[in-house]
Amino acid sequence: MPELPEVEVVRLGLEPVIAGALIEQVVVKDPRSLKRHLGPTEDFISSLEGHTLTHAVRRGKFLWFPIAGTNEALVGHLGMSGQMLIGDETSDFGPHARIIVTLKPVRGLRMQVAFVDQRIFGSLAIDHCVDCPDGKPGGLGSPTAEVPKSVAHIGRDPLDPHCDDRAVIAALRRKSTGIKRALLDQNLISGVGNIYADEALFASKLHYDTPCSSLSVSKVRELLRTIREVFGRALAEGGTSFDQQYVNVNGQSGYFSRSLKAYGRAGEPCVVCGAIIVRERFMNRSSYRCPRCQKVPSTR
DNA sequence: CGTTGGCCCTGATCGC
DNA sequence: TGCGATCAGGGCCAAC
């Protein structure tokens, strides 16, 4: 279940391999992984073969790789179970390998990048780029103020140095919905998924259905800070891993899941107060919270 | 326009 | 043993 820290780990792992890499061959083993690609599979392939990728860029959970000399980029989203694995000519990426990109040999070594995705919620696509309205870099790792059109509506994420905290806090407080729903909405602030939403709300002692409009500026600022803390910790540990769904680019699992304090801990004692963590259905997802630290909001 | 609910997709697991 | 139901959930889109 890759969220922002996991996707950043993937970006960091891919960058040295794909930056400046000339693409020799693209094999689409399962066109369902191109469902967000507008146009035929052949166009996807011809947009890449013989072309060079310049950078590895990320905004929220979206990754993209600008194509040299064009206005286009290879855009990827890992969805629920996506992975980008790096290997060589001899690598077997398994039964869920959907798209294989082979790079021209460098110093005699022919590398491959595989898009592996069991559930096919993720996708790859070719998209054209548009200018960022704020004139700032499109995402982490981008030297230009451009972003793929299909990613333009996604808000900057908390690890983006150009994230406008004041604007985010003000916009969040104007929303007439609960705080967790607002966090999961990628348009305002991106990169927060179900797991880290629960972790951040636990750290900030907030119930998931607390009305955004009832939160003070300082409370929202605190929440933003806890999101960054949780992200930073996960990033330092290489990302969270669950049931081997997520693996970083080298095929190794992250291990942040061991330090989760709320998510997945139903029936276990709260590490702060000892009350038993409960699991509740919210937005067709599981939400975990401490019934004592994160009380149901009184005002609604 | 903002908010909300449902759908997509596969494989592991569970109950009968 | 077999088989249908359930669960996992990010992003998108239609409906309100």
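In the text below, chain A, chain B and the rest are named by the order of the sequence lines, each starting its count at 1.
- One can place CZ of Arg119(A) at 12 Å from C1' of dT13(B), the figure rounded to the nearest angstrom.
- Taking every side-chain heavy atom of Lys61(A) into account, dG11(C) is the closest of dC12(C), dA8(C), dG11(C).
- For the pair Lys61(A) and Glu6(A), the salt-bridge criterion is not met [side-chain N within less than 4.0 Å of a carboxylate O].
- In this structure, Lys35(A) places its NZ atom 6 Å from C1' of dC9(B), rounding to the nearest Å.
- Partner of Asp157(A) under the salt bridge (charged side-chain N to carboxylate O under 4.0 Å, His left out) criterion, out of Arg228(A), Arg59(A), Arg58(A): Arg58(A) alone.
- Protein atom CE of Met80(A) is 12 Å distant from nucleotide atom C1' of dG11(B), rounded to whole Å.
- Checking dA8(C), dT3(B), dG10(C) against every side-chain atom of Glu3(A), the shortest atom distance belongs to dG10(C).
- Using a 4.5 Å heavy-atom threshold, the side chains of Trp64(A) and Val147(A) count as touching.
- When side chains are defined from C-beta on, Val271(A) counts as touching Phe202(A), because their heavy atoms get closer than 4.5 Å.
- Other residues, nucleotides and ligands contribute at most 12 non-hydrogen atoms within 6.0 Å of the NZ atom of Lys261(A).
- Side-chain proximity of Asn194(A) to dT4(B), dG10(C), dC12(C): nearest is dG10(C).
- As judged by a 4.0 angstrom heavy-atom cut-off over every strand, Arg98(A) is placed among residues making no nucleic acid contact.
- Regarding Asp30(A), its CG atom lies at a distance of 11 Å from the P atom of dG11(B), rounded to whole Å.
- Across residues 280-289 of chain A, Arg281(A), Arg285(A), Ser286(A) each have a non-hydrogen atom less than 4.0 Å from an atom of DNA chain C (numbered order).
- Side-chain proximity of Phe62(A) to dC12(C), dC9(B), dA8(C): nearest is dC12(C).
- Rounded to whole angstrom, the span from the CD1 atom of Ile120(A) across to the P atom of dG11(B) amounts to 8 Å.
- Taking 4.0 angstrom as the limit, Thr177(A) places a side-chain polar atom (N or O) nearer than this to OP1 or OP2 of dT4(B).
- Between dC12(C), dT3(B), dG10(C), one nucleotide has an atom nearer to the side chain of His77(A) than all others, and that is dG10(C).
- Side-chain proximity of Gln186(A) to dG11(C), dG5(B), dA8(C): nearest is dG11(C).
- Of the two residues near DNA chain B, His96(A) and Lys175(A), the one whose nearest nucleotide lies more 5' is Lys175(A).
- The CD atom of Glu6(A) sits 11 Å away from the P atom of dG10(C) (whole-angstrom rounding).
- Separation of atoms CD (Gln294(A)) and OH (Tyr288(A)) is listed at 13.5 Å; rounding is to 0.5 Å.
- Relative to the side chain of Ser176(A), the nucleotides dG10(C), dT3(B), dC12(C) differ in distance, and dT3(B) lies closest.
- Between His37(A) and Phe44(A), the ring planes are perpendicular. Angles over 60° get that label, and only those under 30° would be called parallel.
- When each of dA8(C), dG11(C), dT4(B) is scored by its nearest atom to the side-chain atoms of Arg36(A), the top-ranked nucleotide is dG11(C).
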